[in-house]
Number of protein chains: 2
Amino acid sequence: MPVAPPPPRSLPLTALRAFEAAARLGGFAAAAAELGVTPGAVTAQVKALEETLGAALFERQSKGVRLTALGAAAAGGMTEAFDALARAEAVLRGRAAPQVVHVATLPAVAQLWLSPRLPALRAAAPEISVSITALEAPPNLKRAPYDLSLFPAETGGQLVAADAILPVCAPALAARLKRPQDLADLPCLSDASWAEDWPRWLAAAGVAMQARGPVFSLYALAVEEAVNGAGVLMGHAPLVAGHLADGRLVAPFALALPLAAGLRLWSARPLAKGSAAARVAAFLAARPGAAV
Amino acid sequence: MPVAPPPPRSLPLTALRAFEAAARLGGFAAAAAELGVTPGAVTAQVKALEETLGAALFERQSKGVRLTALGAAAAGGMTEAFDALARAEAVLRGRAAPQVVHVATLPAVAQLWLSPRLPALRAAAPEISVSITALEAPPNLKRAPYDLSLFPAETGGQLVAADAILPVCAPALAARLKRPQDLADLPCLSDASWAEDWPRWLAAAGVAMQARGPVFSLYALAVEEAVNGAGVLMGHAPLVAGHLADGRLVAPFALALPLAAGLRLWSARPLAKGSAAARVAAFLAARPGAAV
DNA sequence: ATCCTGGTTTAGATTTTCTGACCCTAGTTT
DNA sequence: AAACTAGGGTCAGAAAATCTAAACCAGGAT
């Protein structure tokens with residue numbers, strides 16, 4: 001019955017946020033990734049929270065963690081609360097800078113698809129300032145401060161560009177490629193995050209071979225190398241359209257394998273008619289099939 | 001159109017909380033008090049937030065601040081979000097320590113009314129641990145982590161003890177007090193936060209005089225001094241009932257002036273039937289009129 | 001005139017929070 | 001069985017955030 005000397009402070013917001021993310025994503029590592037900190041930081045936050053509560057929120061298991069009954073009871077409300085906070089934050093951001101549109105997309109899309117379209121967008125709506133963030137994976141739009149998100153997916157959002165894969169190379173190299181089998185003689189460039197492209201296409205082409213060649217972690221770099229004649233790249237139609245159009249790259253084979261996952265555009269919230277984000281979205285979605 | 005190097009981080013939670021409190025309470029000083037920090041800290045938080053947003057949230061005026069259109073647009077959502085967060089936090093706290101009940105009350109009530117009742121409560125429910133925090137003003141129950149709040153008020157909550165004021169003093173002094181007019185000859189003890197008590201009672205008693213005497217900032221101290229014979233204290237019936245019952249203090253005059261504001265009990269949320277908080281509330285409310 | 005209220009500013013201290021490098025465990029792979 | 005991998009935990013130190021104290025300012029009230 002102590003007349004508690006330190007008036008009970010409210011729990012630290014950072015720790016609550018870490019707990020919420022870990023609960024929602026099912027692990028500290030995933031939470032750390034979402035919050036943009038190291039896993040150790042999340043561990044520490046959750047541990048501190050558990051200590052001030054005097055009760056465990058997660059059961060530690062050999063592989064990952066699992067919510068305790070207490071954690072599970074609290075998680076839902078926390079998620080709701082932080083969702084509400086993110087919404088309020090979006091209102092704040094949107095009203096404070098109504099002419100700024102934040103777009104999240106893959107690095108490859110940013111450089112090879114979005115970037116070439118920006119001059120036209122700037123010309124069409126000079127008062128809008130588009131800020132692009134390259135991410136390896138789609139952000140959680142309920143939380144991350146982006147207005148638009150542009151990622152490959154099979155469903156959801158709005159289709160902005162269909163995708164198909166086809167081998168492309170510098171014109172000088174094309175002469176040596178009569179049949180798909182000839183690929184065995186040349187380096188096959190590929191991107192680390194699209195490792196499945198070559199096997200897929202080769203299977204569709206009916207060729208029993210393994211593609212060998214340098215692997216890049218940045219697709220735009222692979223494209224550059226292909227232009228330089230370093231080998232044959234498995235091209236994604238929307239991303240190499242410009243290079244094909246101006247002849248820096250050519251497609252030695254007719255087969256373009258359509259992919260189920262096209263480039264799709266999501267908006268964080270329903271777009272207010274006439275808002276800058278709505279106009280950018282409309283601009284990007286204008287010509288779903290077209291090359292630039 | 002920069003490929004923004006630092007992925008836009010979400011706004012700092014602390015700053016948002018400071019903004020929300022300032023918006024809701026209408027000033028930085030009030031916000032600082034609620035958050036338990038200095039006004040300078042709130043100024044800094046809000047300023048930092050305004051800088052990262054690139055827009056003002058408050059108009060600074062000679063006397064206080066006023067929300068800008070932007071601030072007003074964001075305030076509602078922020079308040080909702082932090083309310084939701086506080087609710088989630090309460091769930092967490094409640095489930096983590098279901099047998100702990102946090103009570104907020106005036107220092108005087110804590111020492112003179114609540115404290116004497118605790119032994120009986122402990123006897124009746126030994127498994128419940130009551131933690132008492134003394135506050136000068138009622139907390140915002142939607143936010144502060146208290147289960148119960150016990151403060152004088154005219155309406156609201158549940159009446160737990162009616163209040164009335166009456167002069168009290170040590171028995172030795174009472175002999176010198178035949179009529180209210182005799183008060184002029186003795187020091188009139190009073191509490192800083194109840195400065196109106198003496199004038200009110202004297203007016204009701206029909207005496208035209210000003211009470212003179214030492215002023216205390218802690219009512220319990222004034223009571224102690226009265227017991228020691230230092231003068232006549234304007235007693236609050238529920239708070240001096242124990243001393244009157246055991247004779248350490250006596251009431252030299254018959255007039256006890258009833259006050260509209262009685263001691264009232266609020267709960268932060270509807271009390272779950274059978275919960276520790278509900279049981280404590282029931283115990284405290286058991287005998288609204290009775291002395292201890 | 002002087003006080004009072006409410007906000008602002010600054011330097012410096014304190015506390016929080018994060019990283020980086022390492023350890024640990026239990027599955028999985030080789 | 002040995003090596004890997006995935007996911008956490010720990011620790012010291014560093015970095016960043018946050019806070020306080022104390023002094024300052026402006027305008028209205030006494």
Side-chain angles (χ1 to χ4, degrees), chain A residues 5-53 55-68 71 82 85 89 136-137 192 195, chain B residues 5-53 56-68 71 82 89 136-137 192 195:
Chain A
R9 324 261 308 131
S10 122
L11 300 169
L13 298 175
T14 309
L16 294 178
R17 181 169 53 179
F19 161 65
E20 189 277 334
R24 174 164 42 82
L25 301 172
F28 292 4
E34 174 169 301
L35 298 174
V37 299
T38 56
V42 174
T43 300
Q45 294 288 358
V46 172
K47 192 181 166 194
L49 185 55
E50 290 178 321
E51 256 160 34
T52 72
L53 285 174
L57 294 165
F58 291 94
E59 278 173 34
R60 271 68 171 180
Q61 300 179 319
S62 63
K63 191 117 176 167
V65 294
R66 222 177 47 195
L67 284 170
T68 60
F82 280 103
L85 200 53
E89 202 181 308
E136 294 301 331
Chain B
R9 325 261 306 132
S10 119
L11 299 169
L13 297 175
T14 310
L16 293 179
R17 181 169 52 179
F19 161 64
E20 189 277 334
R24 173 165 42 82
L25 301 172
F28 291 4
E34 174 168 302
L35 298 174
V37 298
T38 56
V42 175
T43 301
Q45 294 287 358
V46 172
K47 193 180 165 193
L49 186 56
E50 289 177 322
E51 256 160 35
T52 73
L53 286 173
L57 294 164
F58 292 94
E59 278 173 33
R60 272 67 171 179
Q61 299 178 319
S62 63
K63 190 118 176 169
V65 294
R66 222 179 45 197
L67 283 169
T68 60
F82 280 102
E89 201 181 310
E136 295 300 331

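Numbers restart at 1 for each chain; the letters A, B, ... are given by sequence-line order, proteins then strands.
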Among all residues two or more places apart in sequence or in another chain, which pass the side-chain hydrogen bond (donor to acceptor under 3.5 Å, both in side chains) test with Gln45(B)?
none
Main-chain N/O of Ser10(B) paired to Glu89(A) side chain as donor or acceptor, under 3.5 Å
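Not a single qualifying donor-acceptor pair exists.
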Tell me if a side-chain donor or acceptor on Glu59(B) pairs with a main-chain N or O of Arg66(B) at a distance below 3.5 Å.
no
Less than 4.5 Å apart, any side-chain heavy atom of Val65(A) and any of Leu57(A)?
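SC-SC contact between Val65(A) and Leu57(A) ruled out.
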I would like to know whether Leu67(B) and Phe19(B) meet side-chain contact (heavy atoms from CB on, under 4.5 Å); could you show each step before the answer?
CA-CA 10 Å; Leu67(B) 283 169; Phe19(B) 161 64; 4.0 Å; yes
Which part of the nucleic acid, if any, lies within reach of [X] when heavy atoms closer than 4.0 Å are counted: base, sugar-phosphate only, or nothing?
| X | result |
| --- | --- |
| Val42(B) | nothing |
| Ala29(B) | sugar-phosphate |
| Gly27(A) | sugar-phosphate |

Round to a whole Å and report the spacing from [atom1] of [X] to [atom2] of [N].
| X | N | atom1 | atom2 | answer |
| --- | --- | --- | --- | --- |
| Leu49(A) | dT16(C) | CG | P | 14 Å |
| Phe28(A) | dC18(C) | CZ | C1' | 16 Å |
| Leu57(B) | dG7(C) | CG | C1' | 16 Å |
| Leu13(A) | dT15(C) | CG | C1' | 15 Å |

Between dC18(C), dT9(C), dG7(C), spot the one nearest the side chain of Lys47(B), thanks.
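The nucleotide sitting nearest to the side chain is dT9(C).
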Using chain A heavy atoms and a threshold of under 4.0 Å, write down where along DNA chain D the contacts begin and end, 5' to 3'.
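First-to-last contact on DNA chain D, by the 4.0 Å heavy-atom rule, is dA6(D) to dT10(D).
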Please lay out, stage by stage, how Leu13(A) and Leu16(B) fare under the test side-chain contact (heavy atoms from CB on, under 4.5 Å).
CA-CA 11 Å; Leu13(A) 298 175; Leu16(B) 293 179; over 6 Å; no
Measuring to OP1 and OP2 of dG7(C), would you say a side-chain N or O of Thr43(B) lies under 4.0 angstrom away?
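No, because none of the side-chain N or O atoms of Thr43(B) sits under 4.0 Å from OP1 or OP2 of dG7(C).
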Within the structure, does a side-chain N or O atom of Gln45(A) lie under 4.0 Å from either OP1 or OP2 of dT16(C)?
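For dT16(C), neither OP1 nor OP2 has a side-chain N or O of Gln45(A) closer than 4.0 Å.
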Judged by each residue's nearest nucleotide on DNA chain C, which is more toward the 5′ side, Pro39(B) or Pro12(A)?
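Comparing both residues, the 5'-ward one is Pro39(B).
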Closest to the 5' end of DNA chain D, once Gly64(A) and Arg17(B) are matched to their nearest nucleotides, is Gly64(A)
Give me the atom names and distance for the closest heavy-atom approach of Ala18(A) to Ala31(A).
O-CB, 4.4 Å
